[in-house]
Structure formats: structure tokens, C-alpha cells
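Step one of this worksheet: look at the structure below.
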Amino acid sequence: MGWTDERVELLKKLWAEGLSASQIAGRLGGVTRNAVIGKVHRLGLSGRATSSRSSAPRPRRAHAPRQNRAPSLTFGTRGNVALKPSYEAEYEPAPAPVTELVIPLHERATILTLKESMCRWPIGDPTEEDFHFCGRKKEGPVPYCEHHARMAYQPVQARRREKRFASG
DNA sequence: CCCTGATTCGC
DNA sequence: GCGAATCAGG
């Protein structure tokens, strides 16, 4: 996948908006953050971040691979499966809260930018363009941030109250 | 450890 | 020109 005019324009735009190289790589797809950074430099767009990097003049190292790498990735884009909260026996589903949070544009996580450490609570309609994941930091085995974990794993007791009835 | 951009250099 | 590997820093 090469750098078409469209791709370069999108790169320029996103870079100007302040997105990180990895974020841009995720949006473009088919490229790594290294590729984005390399392109940015070739385009002469660099010089956005800290400039305190000239402290140590690189001793001219950093080599390139032989020809051995080439991961040769094969993407099988099949369905658009949004992760919905799953529940264990001790829990019952929360009333499917659509979303009460607005994630800043530059923090939104797509399927491409989602990391293992990021909250994968789906936000929006998967068929829509602006569909994204929460993306905030999560902890432990729970796939959500603290906030969304509370929504996903609502204690049974808390929900049972409404089902109670007088029968004896 | 997570991330960021910067740089070199085989291809 | 491209970008993985590597480096240097937060």
C-alpha cells in the first residue's frame, strides 16, 4: 500500500490536528507508525514535538533489516462485531447504557488503535463512521475502564430490588 | 511498561 | 521513496 495523494493529504491533516503517529497509522490503515513518521519527515512536516532531542548525536547506528522481516500480514475483514458486555452467573446485564461519555477526538480508539490496556466499551453505532471505543486505561482482567466496568458488571442485588414482590 | 518522535540505511 | 529496527526521551 503506497502513499497516494489522498493518503498524504489525510496524513497532513491528521498530523496538523495533533494526532500521534500511531494514531494516524491506525486511521490510515496498512501502515505502521514508523511509516507515518518516515513520511512525515520526508514531507518536511517534522518538528512538532519536543526539540530536546539534539542532546545526543546519534553515532550513526540504527541499521536496517536484511530482507527477513516482511510480516506479510493478511487481513480478513469479516464482520463488524462490537464487543458487548458479557456477564457471569453472578451478574445481570445493565440496562444497556448507550453512552454518557464523550471521548475527545484524539483519544478515541478504533479497532486498530485499541490496545490490550485500553477500555473496549463500544460507543456509538458500529455501522456509523464515528463508532469507536472508550479507549481509556483499564486495569486487570476486566476489559473495561473502572467507569464502564461498573456499568457492565452490575451486582445482582442492586437489580433485584425492582423484581421483589410480596408473597408471604 | 506504556507511549512519543528521530534517525539510519537495506531494500 | 519506503519503513523496520533502533535510538532517545517522557
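Just so you know, these numbers use all the heavy atoms, side chains as well, and skip hydrogens, waters and symmetry mates. Labels below follow one simple rule: chain letters A, B, ... track the order of the sequence lines, proteins then strands, and each chain is numbered from 1.
- Using the six-membered ring where Trp is involved, Tyr144(A) and Trp121(A) have ring planes that are perpendicular, over 60° apart on the 30 and 60° scheme.
- Rounding to whole angstrom units, NZ of residue Lys138(A) and P of dC1(B) are separated by 17 Å.
- Closest contact between the side chain of Trp15(A) and the listed nucleotides dG5(B), dC3(B), dT7(B) involves dG5(B).
- You'll find the side chain of Phe133(A) reaches within 4.5 Å of the side chain of Leu114(A), heavy atoms only.
- In terms of phosphate contacts, Ser22(A) brings a side-chain nitrogen or oxygen within less than 4.0 Å of OP1 or OP2 of dT4(B).
- Between His41(A) atom NE2 and dT4(B) atom P there is a gap of 14 Å when expressed in whole angstrom units.
- Cluster membership check: Val31(A) does not share its hydrophobic cluster with Ile37(A), using side-chain heavy-atom separations under 4.5 Å among Ile, Leu, Val, Met, Phe, Trp and Tyr.
- Rounded to whole Å, the distance from CD1 on Ile24(A) to C1' on dC3(B) is 15 Å.
- The residue Lys115(A) sits close only to the backbone: its heavy atoms come under 4.0 Å of sugar-phosphate atoms, none of a base.
- Applying a 4.0 Å cut-off to non-hydrogen atoms, the residues of residues 32-40 of chain A that approach DNA chain B are Arg33(A), Asn34(A), Ile37(A), listed by residue number.
- Heavy atoms of other residues, nucleotides or ligands lying less than 6.0 angstrom from NZ of Lys13(A) number 12 at most.
- Atoms CG (Leu43(A)) and P (dG5(B)) sit 15 Å apart, rounded to a whole Å.
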Margin query: Walk me through whether Val40(A) and Lys12(A) qualify under side-chain contact (heavy atoms from CB on, under 4.5 Å).
Written below: CA-CA 8 Å; Val40(A) 163; Lys12(A) 289 180 180 176; over 6 Å; no
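- In this structure, NZ in Lys39(A) is found 13.5 Å from CD1 in Ile24(A), a value given to the nearest 0.5 Å.
- Atom CG of Leu45(A) and atom P of dT4(B) are 18 Å apart (whole Å).
- At the heavy-atom level, Ser117(A) lies nowhere under 4.0 Å from the strands shown.
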